[in-house]
Protein chains: 2
Amino acid sequence: MQYSVFNNLNGEGLSGVAFKDRNRKKNAIAHLSARVESTIPELADLLNISIPKTTELITELLEEGLVKDTGKKTEGLGRKAAIYSLNPDSCYFLGVEIKKYKINIGLMSFNANIIDSALDVPFAFLDTNESLDAIIKEIHKFLSNVSVVKEKIIGLGLSMAGRINVKTSEILSIYHFGNAPVKEKLEEEFNLPVYLDNDSRTLAYGEYNFGQYGLPYSEKNACIVNLDYGIAIGIFADGAPVYGASGYAGEIGHIPMFNNEKICFCGKKGCLETEASGLALIDYLVKKMKEGSSSRLQQVFSKKGFLELEDILEAVKFGDNLAIEGVTEIAYNLGKGLAVAINLLNPELIVLGGMLSGFGELLLLPVKTSIMQHSLSLVNNDTRIALSSINQRAALPGCCLLVRDKILGLI
Amino acid sequence: MQYSVFNNLNGEGLSGVAFKDRNRKKNAIAHLSARVESTIPELADLLNISIPKTTELITELLEEGLVKDTGKKTEGLGRKAAIYSLNPDSCYFLGVEIKKYKINIGLMSFNANIIDSALDVPFAFLDTNESLDAIIKEIHKFLSNVSVVKEKIIGLGLSMAGRINVKTSEILSIYHFGNAPVKEKLEEEFNLPVYLDNDSRTLAYGEYNFGQYGLPYSEKNACIVNLDYGIAIGIFADGAPVYGASGYAGEIGHIPMFNNEKICFCGKKGCLETEASGLALIDYLVKKMKEGSSSRLQQVFSKKGFLELEDILEAVKFGDNLAIEGVTEIAYNLGKGLAVAINLLNPELIVLGGMLSGFGELLLLPVKTSIMQHSLSLVNNDTRIALSSINQRAALPGCCLLVRDKILGLI
DNA sequence: CTTATTTAATAAAAAAAATTATTTACTATT
DNA sequence: AATAGTAAATAATTTTTTTTATTAAATAAG
């Protein structure tokens, strides 16, 4: 890292004024990243320092190249203030989203724009060292095609399914690389600080920060649902992501909710995931078809021998009755699960994200109904239930932004 | 309020240096209240200001009377630093805990000690204005017996069961005073800022801050269970209490968990509370006795016509088999509910508090077993499950401390 | 029992930051 | 077009704060 603000993140050795200046610069950057752009009088106000001092700090950030003069204010009386923004080209953050059969790689500029990406790169996520090497190879390939100066990339984020201990950076789920210390290996390979996080949290962070036409939601207490083959949520309390002791918070998929005999992937039975997830939806449809229900999915199923969520999304588009019935069923159960989150967390906002949010209103309406049935109106009245419009595409920007915000010390 | 730090809590009108000084004093007090006592070099370090400036601030706080010189450091080489603490006698916080048949009133000193209290004052909590007047009368009575200068009392907290909107200070549960604006009435009556909060949160705040032999727990992510006739939890994320949108967070009692037909107080069925609470315990025992199970509780029941939790606590002390069976049953269900909290929040600590924690190990062990059965070992290994040693006695100090910390701006 | 060492507290000097005043830039009004 | 009014940026001044130096208070070691 070439920038003074990012050097020496905890300020070791710096004393007194130098330490304070570094912090004030970090705060200025934090404000700029949250409000996109700002003037010196505004920043002076926000940082509680005088205008000459703010001018000095901004001038230094300008000289370092982290901040950019982007014009003048237009409204209001009097002399127009100069507007400063983060310089998009000053540094970049790399994010890698690892999925079962593909990886997505993205590069985010300092002002939180994805400027380059490689999506749906075919890849086999296996528990082998070769699999990790394949990821490394793909990242190198991506980097060789990237136009920005490599030294400006100052962090790497990895998003993957399963439980990831954010304290120790251990990957503990069924997906891990034969106990290889992934973080260390990648840090050595790319000479960058590496941050691991859970796929649902990266999705949630992306949705929370870019879900409103690219802008953040204003609600400070929110749950973002990642509805995919499994189900998990990302929790925000007072605007900050909730990690819990080790980063396992949000595993709503494995709360004991149903009195069924279905054994979940986690080994327990009765998990929410067994009745309210993509897998549950597939199980439901297959069972119904075997019982004789007719559906356009029968063709697909007999051809492939299995169903994928994409098939069901497609079937619903064509108005397939059984598929619609299945989604309604799953949605109802999901609502029951979300009622739990509402009772426990009293959120202002729940966003339905992940692949299954592609079902749109078909998913949303029974979820809302079910929530009303399963939680107090007094409490659920507080909660706005919304559909994600960026679905699973939130994860990659979320992953990159998490890296940026961890480096900036915002979270 | 006579102290400059508390005057003008948001610093309106204060500009520049005065505003900063006020904030730095508040921070110094926050540090002192968290660490109990500190030296000037320590404070300078914590506040990131120079020693002469720290000396200046402390001198002013000393002159104002908020801080006290309490001796010298003993260990270490060199000249011994003077130790400063909050001056217990500088200001006080009044807390009132309203229960069904009694109220508890307490007065807390600046350094978080209850210095005076009136416990178990008989009182009928009805939905009438007379009921509110009775509370006011009792507070006046308490105050007239209190030895401290009345002007030094700078805040009043009210703790009561049910849902309390902390944003609007509305009391929305079945217990409210005929829509009387309780907060405004009390503020006028006592000329003090009044803070309302839910009984489970005050209990949790007390337990969290005084539960370890009077000291705070070190775990930053915790759930404190209030196990009484109903059940709720207080959630701490990153050391701070979680309120949610309106302060309704923690209502674990009403999560839909069971497939039973028991109608809960809230109107829904299948709530955790119908199978894991004091009421559920009583229902269970009464049902069993009606079915013919023998128990020493039969006497009490036929005499009074109903059971109270105190009776069951007593019966368990005498080794009553049915009571023990009932507690085990309830504990098992509670564990299932807590598994939900563990999955969602990944806490480092769960404390079983409230009246039923008086069952001790009899409660704790089946709860632990049940948690193991209903959550992933990977996640529940993170979680220490402990019994409260102060039970429901945590609520009054918690209520007072909440007032103090809200006034100090710590939460 | 000195003396060296360590740390705290205070004093003096230097630097940093906030105020205040001035200049610049722009708008609205006459 | 000139002028009054508003707000930003800069310059000058003053105040605040830090830094450095000095003194004070304590312990450990010779």
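Chain letters run A, B, ... following the sequence lines, proteins first and then strands; every chain starts at 1. Computed from a predicted model, the values in this text were never measured in an experiment. Because only heavy atoms are used, hydrogens play no part in the values below, and waters and symmetry mates are left out as well, while side chains stay in.
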- Note on the structure: Whole-Å distance, B:Ile49 CD1 to C:dA16 P, equals 18 Å
- Item | Rounded interatomic separation in angstrom, taking CG from B:Asp21 and P from C:dT19 | 11 Å
- Looking for any heavy atom pair under 4.0 Å, which part of the strands does A:Ile51 touch: base, sugar-phosphate only, or nothing? base
- Task: With DNA chain D as reference, determine whether A:Lys80 or A:Pro52 sits nearer its 5' end, using the nearest nucleotide of each.
- Result: A:Lys80
- Message: I want to verify a distance call: between D:dA8, D:dT18, D:dT10, whose nearest atom is closest to the A:Thr55 side chain?
- Response: D:dT10
- Answer with yes or no whether the side chains of B:Tyr217 and B:Glu207 bring together a donor and an acceptor at under 3.5 Å. yes
- Please check the phosphate of C:dT7 (OP1 and OP2 only) for any side-chain N or O of B:Lys73 closer than 4.0 Å. no
- Message: What is the distance, to the nearest angstrom, from the CD atom on B:Glu56 to the C1' atom on C:dA12?
- Response: 16 Å
- Message: Tell me the interatomic distance from B:Glu42, atom CD, to C:dA9, atom P, rounded to whole angstroms.
- Response: 11 Å
- List the steps, then state whether side-chain contact (heavy atoms from CB on, under 4.5 Å) holds for B:Asn221 with B:Phe236. CA-CA 5 Å; B:Asn221 298 282; B:Phe236 291 84; over 6 Å; no
- Given D:dT17, is OP1 or OP2 found less than 4.0 Å from the side-chain N or O atoms of B:Arg24? yes
- Query: Going by distance alone, is a donor N or O of one side chain under 3.5 Å from an acceptor N or O of the other, for B:Tyr205 and B:Asp405?
  - Reply: yes
- Message: How many whole angstroms separate atom NZ of B:Lys20 from atom P of D:dT18?
- Response: 10 Å
- Query: Looking only at side-chain N and O atoms, does B:Lys72 come under 4.0 Å of OP1 or OP2 in D:dA26?
  - Reply: no
- Query: Does the base of D:dA7 carry an N or O that pairs as donor and acceptor with the side chain of A:Arg79 under 3.5 Å?
  - Reply: no
- Message: Heavy-atom count check: over 12 atoms from other residues, nucleotides or ligands less than 6.0 Å from B:Asn113 CG?
- Response: yes
- Item | Interatomic distance where CD belongs to A:Glu75 and C1' belongs to C:dC26 [whole Å] | 13 Å
- With distance as the sole criterion, is a donor-acceptor pair present between the side chains of A:Thr202 and A:Asp197 under 3.5 Å? no
- Query: Rounded to whole angstroms, how far apart are CD1 on B:Ile58 and P on C:dA9?
  - Reply: 11 Å
- Can you tell me the distance, in whole Å, between the NZ atom of B:Lys53 and the P atom of C:dA18? 12 Å
- Note on the structure: Winner on side-chain proximity to B:Leu77, out of D:dA28, C:dA17, C:dA9, is D:dA28
- Tell me which of B:Tyr84 and A:Thr54 sits closer to the 5' end of DNA chain C, going by the nucleotide each one is nearest to. B:Tyr84
